[in-house]
Protein chains: 2
Amino acid sequence: MARTTGSDGEKTEAAVREAAVSLIARLGYEAMSMRQLAAEVGVQAAALYRYFPTKEDLLFTLMREHMEGLLKAWDAARPASADPVIRLAAYVENHIAFHIERRHATHVSNMELRSLSHERLTQILKMRTAYEKELRTILRDGVEVGAFEVDDTGLTAMALIQMMTGVIVWFRPGERLSIAEVTASYLSMTMRLVGATISHGTARPSGRAGDAVAL
Amino acid sequence: MARTTGSDGEKTEAAVREAAVSLIARLGYEAMSMRQLAAEVGVQAAALYRYFPTKEDLLFTLMREHMEGLLKAWDAARPASADPVIRLAAYVENHIAFHIERRHATHVSNMELRSLSHERLTQILKMRTAYEKELRTILRDGVEVGAFEVDDTGLTAMALIQMMTGVIVWFRPGERLSIAEVTASYLSMTMRLVGATISHGTARPSGRAGDAVAL
DNA sequence: GAATTAATTGAACGTTCGTTTTATTAGTAC
DNA sequence: GTACTAATAAAACGAACGTTCAATTAATTC
């Protein structure tokens with residue numbers, strides 16, 4: 001047999017990407033075989049090589065597009081306001097929403113970096129660093145205008161990102177907490193962590209407002 | 001050739017464990033071959049099977065001992081005091097110290113869970129859950145006596161653990177920050193995050209004391 | 001409807017994998 | 001120094017891996 005009825009390159013490629021993200025997230029990149037992936041798509045292993053020249057190319061493509069999506073999402077969500085509190089709130093909300101929505105892809109991008117060639121690893125890390133720099137800038141601006149009280153902006157940015165991204169480890173949609181509840185909690189924790197002074201009603205306006213934060 | 005001069009089972013086993021932690025942390029469990037591990041130890045692959053019946057047994061042993069070490073470390077560090085602030089501070093300090101000291105082993109225990117059989121995975125997760133429960137208890141007690149202000153103790157515990165464990169991702173000893181500085185920062189962030197009311201001089205006594213925490 | 005292109009199969013390639021078996025030597029006990 | 005045990009080497013096992021190649025069929029073009 002050869003070409004199958006109804007076969008379509010675009011659809012097959014999309015199916016490969018989707019199955020690959022799911023399989024790599026579940027089994028790990030090294031543990032997933034090309035034959036396994038092909039079986040999931042309903043195709044022979046050789047067919048995969050029409051779309052991705054090597055297994056590593058497939059991984060890299062998934063990661064690059066994930067990171068591009070993250071940067072693009074933040075670009076779209078970035079508020080016009082200069083207020084660091086508003087900007088930080090937008091960053092947190094975007095980060096949580098994006099990562100919950102793409103749990104599997106995030107897992108792949110975070111866990112499989114070591115399977116990339118040096119050059120490609122650098123490329124992915126560059127995007128990641130750019131994304132993290134956005135948060136550091138917000139924190140630094142906040143400290144400058146007295147909206148935040150932070151020891152070390154670099155360390156705090158890393159701590160916040162680890163905390164927020166960690167949501168994909170334990171959160172399961174449809175369980176005890178809704179996405180909105182989780183987001184609200186992380187927002188509140190973030191604002192306390194950076195010692196935010198409430199300036200607008202960005203978070204839940206029910207909180208006690210106006211006072212600064214102690215150690 | 002066969003037995004080599006100066007060969008000693010205990011020393012070889014210890015060398016295997018050490019090399020395995022380092023190699024798995026760097027390459028990943030699936031990507032590390034038994035031949036590679038044997039070469040690192042300076043031995044033939046077949047010799048490894050004298051100490052660990054299968055590759056997965058080796059992985060499981062490393063993980064189990066890591067988790068046992070973590071639980072034992074917390075048992076030793078657990079303060080006598082009933083004060084939630086003191087207990088939380090001890091938990092954070094122990095967690096950070098333990099994880100920085102055993103970066104590679106933590107990496108293995110966190111990243112390679114999917115390579116365990118169902119039964120063994122359950123066993124490791126049970127230990128992990130027990131450790132996390134300690135933090136939830138501290139938080140719940142703190143909320144009860146009014147020392148902490150927390151939305152959801154379960155969610156907050158997970159967020160804190162993710163934040164703290166994340167230190168191994170970016171922290172490198174001997175760089176900009178010392179372990180003491182990092183620990184102090186994480187302690188301060190933690191206390192703010194849970195809305196702690198300062199009751200004793202547990203953290204750095206330089207902090208402004210006495211006042212509660214806003215959103 | 002013939003020619004061309006797109007999509008896929010089936011079989012095979014050489015390599016590497018985890019593991020087992022057997023033989024051989026170093027250390028230890030008496 | 002002989003008997004026994006501990007520790008390893010060397011070679012081999014079948015299975016699985018990523019990848020390639022030639023053949024074959026479906027869709028498209030003219």
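So that the names make sense, note that chain A is the first sequence line, chain B the second, and so on, each numbered from 1.
With A:R87 contributing its side chain and A:A82 its backbone, the two residues share a donor-acceptor pair below 3.5 Å.
Atom P of nucleotide D:dT8 and atom NZ of B:K11 are separated by 12 Å, given to the nearest angstrom. Rounded to a whole Å, the CD atom of A:E13 is 15 Å from the C1' atom of C:dT8. At whole-Å resolution of the value, OH in B:Y29 and P in C:dC17 are 13 Å apart. In this structure, CE of A:M32 is placed 11 Å from C1' of D:dG18, rounded to the nearest angstrom. Here the P atom of nucleotide C:dT19 and the CE atom of B:M34 are 6 Å apart, to the nearest Å. Rounded to whole Å, the distance from CG on A:L37 to P on D:dC17 is 12 Å. Distance, A:L23 CG to D:dG18 P: 12 Å, rounded to whole Å. Straight-line distance from the NZ atom of A:K55 to the P atom of C:dT15: 19 Å, rounded to whole Å.
Looking at the side chain of A:A46, the nearest of the listed nucleotides C:dG18, D:dT20, D:dA11 is D:dT20. The A:T54 side chain lies nearest to D:dT19 when the options are D:dT8, C:dG18, D:dT19. Proximity note for B:Y51 (side chain, C-beta onward) versus C:dT19, D:dT8, D:dT19: the nearest is D:dT8. The side chain of A:Q44 lies closest to C:dT9, out of D:dT24, C:dT9, D:dA9. In this structure, of C:dG18, D:dT8, C:dT9, it is D:dT8 that holds the atom nearest to the side chain of B:A47. Looking at the side chain of B:R35, the nearest of the listed nucleotides C:dC17, C:dT8, C:dT9 is C:dC17. Considering only side-chain atoms of B:S33, the nucleotide from D:dT25, C:dG18, C:dA12 that sits closest is C:dG18. Among the nucleotides C:dA7, C:dT20, D:dT19, the one closest to the side chain of B:Y49 is C:dT20.
A sub-4.0 Å separation between OP1 or OP2 of C:dA7 and a side-chain N or O of A:T12 is absent.
Residue contacts shown for B:F52 are absent, as no nucleic acid heavy atom lies under 4.0 Å away.
The aromatic rings of B:W74 and B:Y91 sit perpendicular to each other, their planes meeting at more than 60°, with 30° as the lower class boundary.
Comparing A:G42 and B:E30 by the nucleotide of DNA chain C that holds the closest heavy atom to each, the one mapping nearer the 5' end is A:G42.
Proximity of the aromatic rings of A:Y131 and A:H95 is defined here by a centroid distance below 6.0 angstrom, and this criterion is met. For A:F171 and A:H99, the gap between ring centers reaches or exceeds 6.0 Å.
Classification of A:D141 and A:R136 as a salt-bridged pair fails, no side-chain N sitting under 4.0 Å from a carboxylate O.
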